[in-house]
Amino acid sequence: MTSNHSLISRFPHLRQDFAASLVVFLVALPLCVGVAVASGVPAELGLVTGIVGGLVTGLMRGSSLQVSGPAAGLTVLVFEAVEEFGLPVLGVIVLLAGLLQITMGLLRLGRYFRAISVSVVEGMLAGIGLVLIAGQLYPALSTKAPDSGLGKITGLPGAFLDAFGDGDALASLAVCAGTIAVLLLWRHTPAKVRAVPGPLAAVGLATLAVLVLDLPVATVEVQGLFGAVQPPPASAFGELAGVGLLGTVVAFTLIASAESLFSAAAVDRLHSGPRTQYNRELVAQGAGNTVCGLLGALPMTAVIVRSAANVQAGARTKASRVLHGVWLLLFAALLPDVLAYIPIPALAGILIHAGAKLVPVRALAALWREHRGEALVLAVTAVSIVAVSMFEGVLIGLALAVVKTAWEASHVKLEVVDKGAGPVEAHLAGNATFLRLPKILDSLESLPQDRPVRLDLSGLHHLDHACRTALENWAARHSAAGTEPVQLVTAA
């Protein structure tokens, strides 16, 4: 009795955290396996990343209720990296990304991720969502997906036409559609039924249907935990000489960090407990990725689906996410053969549903009505990721966001006062940059050539070099027409 009392006094929220950890485990299990299969790596590696997310990142300080593991948002990037460099090199990429995250956290750069345009991040997630949905429709149709994001989308009509004459493909598609239907309808079931998380229920029912009906559907290949974990060999580090690999490391680092810290901000809005310490959270994510890299596993990020489930299940401290890692470890060690019964099209359904949540259709419509520039950044980022690749798409989005901000910041007003006699007064106010130069010069060149001009620049907060040079050249041209020299008035 005394020992129970002392345990409760040391861990006053143990009961709530224990219950929440079981819910998070049941949500995380199908997602860990699904992300691994979609990434083109053994299913067990998804569980390894989930275990590390619980036992390593979960124990560290940063965001107390946020849960980490393999993320659907990195699936496309991981698949491309494995295709290009091979599975042994994936560990090197994840290891270096983790070390970079730790370095950025120690240099207190975590808070700067909050300055990244929300439209770029949402566009990134939307692009990932579109490629994820398109890519997962191929295993749902029991066929191989094309390599490029654009190829995945353009190849879909042909893949569906081929499936209509193939019984195996139709059975596979039915299992995927059934899984998505369960996920969509699960929130309408009675509260007692909803105690079982939707993803687990959907995969469980799909597995049962395949077994009972003996459907000709592909299932997960099982290697066993120790067979799947392969630390990167020394030869894999030789790939670091290539620029392509270093670019991939930077992409992993930036995308994983941005997704984790944006998730932390979202989780903070769901509870009233301690707020996220962004630099410490970045170090915690980096430590987790460093361990995942050493084990040759998938990269991790904080995952909003698991984190929200953790908060909604009543978690109070980080004990819940650590315990969820313990349950994943016990499952991977004691029941790995259960994975062999899971139908691949059911996992495809889970990821199609997750991908659809990444595409903010309603938010984009509202954004278009209120902030068209932001909506354009979001849409261009998403389309660029689909058409080119993840890394280039994000860079295009960031560049467009910077240009948009510079355009909005360079607001300038030109006021012309002509009293009919004496010099024409022209007053410039605001920020005069090269982006607004055509508009300024058009207005100045329309002034009468035969009248003296007094150009007042004292109202400008900023005048860049290109603008200053262009204004001086205009003044020289105007004065050369035989009128009095243009009088330039600058701030004192």
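All figures in this text were calculated on a predicted structure; none of them were measured in a lab. Atom set for the values below is all heavy atoms of this structure, side chains included, hydrogens, waters and symmetry mates excluded.
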Hits for side chain to side chain contact (heavy atoms under 4.5 Å, CB included) against Q230, two or more places apart or cross-chain, chain-then-number order -> none
In short, side-chain hydrogen bond (donor to acceptor under 3.5 Å, both in side chains) pairs touching residues 44-63 with sequence neighbours left out are S63-T276
Under 3.5 Å: donor-acceptor pair, side chain of T219, backbone of A340
yes
Residue pairs involving residues 325-334 (criterion side-chain hydrogen bond (donor to acceptor under 3.5 Å, both in side chains); sequence neighbours excluded):
S21-W327
Are any of the side-chain heavy atoms of R316 and H271 separated by less than 4.5 Å?
no
What distance do N279 atom CG and L107 atom CG have between them, rounded to the nearest 0.5 Å?
9.5 Å
4.5 Å side-chain heavy-atom contact, L339 and L47
yes
If you compare all heavy atoms of A28 against all heavy atoms of R306, which two are closest, and at what distance to 0.1 Å?
CB-CD, 3.6 Å
Rounded distance [0.5 Å steps], CG in L95 versus CZ in F252
12.5 Å
More than 12 heavy atoms from other groups under 6.0 Å of CZ on R108
no
Checking side-chain contact (heavy atoms from CB on, under 4.5 Å) for the pair L170/D166: CA distance, chi angles, key distance, verdict?
CA-CA 6 Å; L170 288 174; D166 184 344; 6.0 Å; no
With a 3.5 Å cut-off and sequence neighbours excluded, list the donor-acceptor pairs that the side chains of residues 76-90 form with protein atoms.
none

Under a 3.5 Å distance rule, please check whether T75 uses its side chain to pair with a backbone N or O of S39 as donor and acceptor.
no
Let me see the working for I352 and L132 under side-chain contact (heavy atoms from CB on, under 4.5 Å), right down to the final yes or no.
CA-CA 7 Å; I352 288 169; L132 191 60; over 6 Å; no
I need the F331 CZ to C32 SG distance, nearest 0.5 Å.
10.5 Å
Nearest 0.5 Å, what's the SG-CG distance between C176 and L137?
6.5 Å
Closer than 3.5 angstrom, by distance alone: can the side chain of T189 be matched with the main-chain N or O of W186 as a donor-acceptor pair?
yes
Give the minimum heavy-atom separation between A140 and S172, together with the two atoms involved.
O-OG, 2.9 Å
Closest non-hydrogen atom pair between G288 and V52, with its separation
O-CG1, 3.5 Å
Taking the side chain as everything from C-beta on, heavy atoms only, tell me whether V33 gets closer than 4.5 Å to P30.
no
Residues that A315 engages under side chain to side chain contact (heavy atoms under 4.5 Å, CB included), provided they are two or more places apart
D17, A20, L65, N310, S320
Do T301 and Q285 have side-chain atoms, one donor and one acceptor, less than 3.5 Å apart?
no
Under the criterion side-chain contact (heavy atoms from CB on, under 4.5 Å), I'd like the reasoning laid out for L323 against F25: C-alpha separation, chi angles, the key distance, then a yes or no.
CA-CA 8 Å; L323 283 171; F25 160 67; over 6 Å; no
Knowing that exactly one of V120, L400, V383, L364 qualifies, which makes a side-chain contact (heavy atoms from CB on, under 4.5 Å) with L378?
L364
Taking the side chain as C-beta and beyond, is there a heavy-atom pair between M104 and S257 under 4.5 Å?
yes
Can you confirm whether P231 sits close enough to L294 that some side-chain heavy atom of one is under 4.5 Å from a side-chain heavy atom of the other?
no
Give a yes or no answer on whether the side chain of Y138 reaches the backbone of L156 with a donor-acceptor pair at less than 3.5 Å.
yes
Are side-chain heavy atoms of V220 and L347 found at a separation under 4.5 Å?
yes
Quick check for you: to the nearest 0.5 Å, what is the distance between H324 atom NE2 and L329 atom CG?
11.5 Å
From OG (S119) to NE2 (H371), nearest 0.5 Å:
9.0 Å
Where is the tightest heavy-atom contact between L99 and T290, given as atom of each residue plus distance?
N-OG1, 3.5 Å
Donor-acceptor under 3.5 Å (R321 side chain, G58 main chain):
yes
Student check: side-chain heavy atoms of V217 and P345 closer than 4.5 Å:
yes
Run the side-chain contact (heavy atoms from CB on, under 4.5 Å) check on N289 and Q101 step by step: do they pass?
CA-CA 9 Å; N289 273 321; Q101 284 181 306; 2.8 Å; yes
From CA spacing to verdict: side chain to side chain donor-acceptor pair (under 3.5 Å), Q66, S263
CA-CA 8 Å; Q66 172 158 274; S263 170; 3.0 Å; yes
V175 and P343 have their tightest heavy-atom pair at CG1-CB, 4.3 Å
Using modelled atom types only, decide if a donor and an acceptor are shared between the side chain of K152 and the backbone of A134 within a distance under 3.5 Å.
no
Side-chain touch V67/V303, heavy atoms, less than 4.5 angstrom:
no
Show which side-chain atoms of residues 196-215 pair as donor or acceptor with protein atoms under 3.5 Å away, not counting sequence neighbours.
residue	atom	partner	partner atom	Å
T207	OG1	V203	O	2.7

Would you name the heavy atoms of A287 and M60 that are closest together and state the gap between them?
CB-SD, 3.5 Å
